[in-house]
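What follows is a single structure, written as structure tokens, with notes after it.
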Amino acid sequence: MTDKLLNSLNDVQREAVQHVEGPALCLLSGAGSGKTRVITHRIAYLLKYHNISPFQILAVTFTNKAANEMKERLDTLIGENVSRDVWVATFHGTCARILRREIDKLEGYTRAFTIFDTTDQTVVVKDALKKVGYGDGKYNPRAILSHISRAKNDFLKPVAYASIASDHFTNIVAEVYPIYQDLLRQNNALDFDDLLLSTLELLDDHPNVLKYYQRKFRYILVDEFQDTNQCQYRIVRRLAEPEGNLCVVGDDDQSIYAFRGADIRNILNFEKDYGDDAKVFPLEQNYRSTKNILDAAWSVVRNNKARKEKRLWTENDEGDPVICYEAINESDEANYVVTQIESLHAEGVDYADFAIFYRTTAQSRIFEEALRAANIPYQIVGGVGFYDRMEIKDLLAYLRVMCNLNDSISLRRIINVPGRGIGMKTVQRLIDFAANERISLFESVKRVNEIPQISSGIKAKVKRFNKIFDDLSDDILPSDALYHVLQATKYLENLENQNTLEAQGRIENIEQLISAITEYESNSSAPTLADYLENVALTTDIDTMETDEADMVPLMTLHSAKGLEFPFVFIVGVEEYYLPHKRSIDEATEAAIEEERRLCYVGITRAMERLYLVHANSRRMYGDSEHRTPSRFISEIPGHLIKHVDRYHSPFLEAESTYEEVSEDPMGYHVNQIVHHPQFGRGKITKVSRMRQSMYITVRFNRTGMMKQVDPSLTQLTILDY
DNA sequence: TAGAGAACGATTTTT
DNA sequence: TCGTTCTCTA
């Protein structure tokens, strides 16, 4: 039986899975080297052969997507009965879950706490700025927020931060930070950083709590370890302290979130931190890309100084050279990509097998337009999230107030939504009253009668609003809460009356929200409003978008591309000022450029079969045309791996003109036949063609999803089915 | 209080 | 240039 679990692994993977004794384990996992496979197999191995209980395992990821994927793989590997008891969650999810049980041990919080997103945070910072007398908009709330966030990642509480504040701006931040924190507490709210920081505080200051979780989690696994910040690393170290097995998996070359506090030193110094206890396994065999793509990726990333020396290898084919297209301008760039997609699609490549990556979200527009014009279905991955839509935020704000009456930020959002005649002045009076009486805004709304400055007509309106929250049971189901709000506010009727296309879209979104809530309730063993809202707060995009179903070209930023793979990849805007980005160049530090180089590396290593690097000589920027030069990263790829083309010299298009599509090969092969290839396995014929005297059969292989052109006179294909 | 024009500012963003 | 946020006025 052991063999069955370990059979599908290569030697290093197997060793890593079986290395159970000795606490610290670090897997230096290159792109496409099967790390999720190792993590899941390791969990299965612990459960099956080391008698570990599933309750004792904690697996932490960074994204919900990764967590879900891991859960699914575990389900198939060890069965749902066992896998559901393994704690698999994101860092923030893990912390939220712990805090949901323990937070009343921290001063000023209750278990009904709300998680504030970036929008909420910005409102709070603006309030805090006003409070300390900088309400004139001189300071950018987002800049202040990012300083506060960074401070929290470094465990700097307001007092500690104030003592190190040096220049003018940080001194302002030092003034705002404590007020910001007070406001959060008054709202019974935590921001994303607080989830981590408060958990760490809880573990540090409450030995009983620490002991409980240390005993519980005897085996801890951390995915994407290169993306952990100091706080996250401290949390897992703490939990793993006694005997705990800490297994981290990561790749320093794929660390691209330094701007969010990720600290590459965590992975570079892991061995130092754990001394002789640390065992490092490098996973260097790549199962994803062609040799050429892998070599190109390496030739770029090797120029970084802050990295562990390693080089991926593969048994895959050499493949095509990297295609570097020099476009005249941004529309030529978009046209080229679309033309390539069209002609490859005509050869049988699915739209979903392509991907277009760009550095900045603004770049997506021209590609959207070009794709739309060419009637090619596409999909923006990770764009404006479903939960960021206005109508969804409004309705969820109602639910948030129901759950946590102290959440004044949400209350303020909805007090006049839909419009009910409670204006800014009235709201300000309510806020002032709350401040004077040292009560929450909700309490102030309740006691509106005591505010003389508010006219009796408006008082009635405020009372009518307040009534929405009367007589709600504590354990109201999220769906019932939503129905109650929709009914009490006539939100849908309001939209229907607007009779616009936009309103129609909003109504559809609300319908989607209803089904999302229903789905949550049927999936959850104990659905509560607080738990639902937590799920929403910690989910970026609606994960129910079935990417497998629809055949669309995905468009995304290089950041969003991490963890994914596609047969045909276009990286666009590979120019100085985009990649590396102007900001990073202006920073003039080695570290900033190295991060951009890693971003480029991540993009390159997504490609399985063919990679296109596209750059334009000129580009319209903020109005006028700008000259652009190819990225320095392109020149880091040696000549034999890359083929430079432009509008007049396109090798693949040229080749096509000599191709002639035919209905059947003389040997009897035809389209849609299922065939077996000695090396690649089962596949389906998508095209039969002739170039000069030779026949070519294009086959799409099931296992890899790759398209290959096979010469049937050289390779033995077995016809399996029709 | 809502809606229209001015003013601003434009990397990336797992949670 | 263009999309979002803010401010002022009807």
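In what follows, every heavy atom counts, from backbone to side chain, and hydrogens, waters and symmetry copies are set aside. In the text below, chain A, chain B and the rest are named by the order of the sequence lines, each starting its count at 1.
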**Item:** Euclidean distance, atom CZ of residue A:R583 to atom P of B:dG9 [Å, nearest integer]
**Value:** 11 Å
**Asked** Are any of A:N416's side-chain N or O atoms less than 4.0 Å away from OP1 or OP2 of B:dA2?
**Response** yes
**Nearest-Å distance for atom pair CZ/P, residues A:R598 and B:dT14** = 19 Å
**Request:** With heavy atoms under 4.0 Å as the rule, sort A:Y578 into base, sugar-phosphate or nothing.
**Result:** nothing
**Prompt:** Is B:dT12 syn or is it anti, if syn means the base angle is within 90 degrees of 0?
**Reply:** anti
**Item:** Spacing of A:E369 atom CD relative to C:dC2 atom P, expressed in whole Å
**Value:** 9 Å
**Request:** Using the aromatic ring of A:F259 (for Trp, its six-membered ring), decide whether it stacks on the base of B:dT12 within the limits of 5.5 Å and 30°.
**Result:** yes
**Asked** Is A:E333 reaching over with its side chain to a backbone N or O of A:G573, donor-acceptor style, under 3.5 angstrom?
**Response** yes
**Item:** Nucleotide nearest A:R260 when distance is taken to its side chain, options C:dT1, B:dT14, B:dT12
**Value:** B:dT14
**Request:** Whole angstrom is fine here: how far is it from NE2 in A:H92 over to C1' in B:dT14?
**Result:** 9 Å
**Request:** Take atom P in B:dT12 and the same atom in C:dT5, then report the distance between them in whole Å.
**Result:** 15 Å
**Request:** Let me know the distance between CG of A:L538 and P of B:dT14, rounded to the nearest Å.
**Result:** 12 Å
**Request:** Would you mind classifying the nucleic acid contact of A:D227 as base, sugar-phosphate or nothing, using non-hydrogen atoms under 4.0 angstrom?
**Result:** base
**Request:** Classify the nucleic acid contact of A:S560 as base, sugar-phosphate or nothing, counting any heavy atom under 4.0 Å across all strands shown.
**Result:** sugar-phosphate
**Prompt:** What pairs with A:N304 under side-chain contact (heavy atoms from CB on, under 4.5 Å), at least two apart in sequence or on another chain?
**Reply:** A:V301, A:R307, A:E594, A:R597, A:R598
**Request:** Could you tell me whether A:R628 sits above the aromatic face of A:Y578, with NZ or CZ closer than 6.0 angstrom to the six-membered ring centre and within 45 degrees of the axis?
**Result:** yes
**Asked** Nearest heavy-atom pair of A:L74 and A:V88: which atoms, and what distance?
**Response** CD1-CG2, 4.1 Å
**Message:** Please report the distance separating the P of B:dT11 from the corresponding atom of C:dT4, rounded so that it comes out in whole Å.
**Reply:** 15 Å
**Asked** Looking across every strand, which nucleic acid part, if any, lies under 4.0 Å from A:M621 by heavy atom: base, sugar-phosphate, or nothing?
**Response** nothing
**Prompt:** Do A:F62 and A:H92 have their ring centres less than 6.0 Å from each other?
**Reply:** no
**Prompt:** So what does A:Q363 hit on the nucleic acid, given a heavy-atom distance under 4.0 Å: a base, only sugar-phosphate, or nothing?
**Reply:** nothing
**Asked** Under 4.0 Å between a side-chain N or O of A:K126 and OP1 or OP2 of C:dC6?
**Response** yes
**Message:** It should be established whether A:R365 places a side-chain nitrogen or oxygen under 4.0 Å from OP1 or OP2 of nucleotide C:dG3.
**Reply:** yes
**Request:** Remember a base hit wins even if backbone is also touched, and classify A:G421 as base, sugar-phosphate or nothing at under 4.0 Å, heavy atoms.
**Result:** sugar-phosphate
**Asked** Base, sugar-phosphate, or nothing: which does A:R619 touch, judged by heavy atoms less than 4.0 Å apart?
**Response** nothing
**Item:** Spacing of A:F62 atom CZ relative to B:dT13 atom P, expressed in whole Å
**Value:** 16 Å
**Request:** Please indicate yes or no: is the ring centre of A:H581 less than 5.5 Å from the centre of the six-membered base ring of B:dT11, with the two planes inclined by under 30 degrees?
**Result:** yes
**Message:** Heavy atoms only, 4.0 Å cut-off, all strands: where does A:I585 land among base, sugar-phosphate and nothing?
**Reply:** nothing
**Prompt:** Looking at A:F113, does the NZ or CZ of A:R100 lie under 6.0 angstrom from its six-membered ring centre and within 45 degrees of the ring axis?
**Reply:** yes
**Prompt:** To the nearest Å, how far apart are A:L145 CG and B:dT13 P?
**Reply:** 17 Å
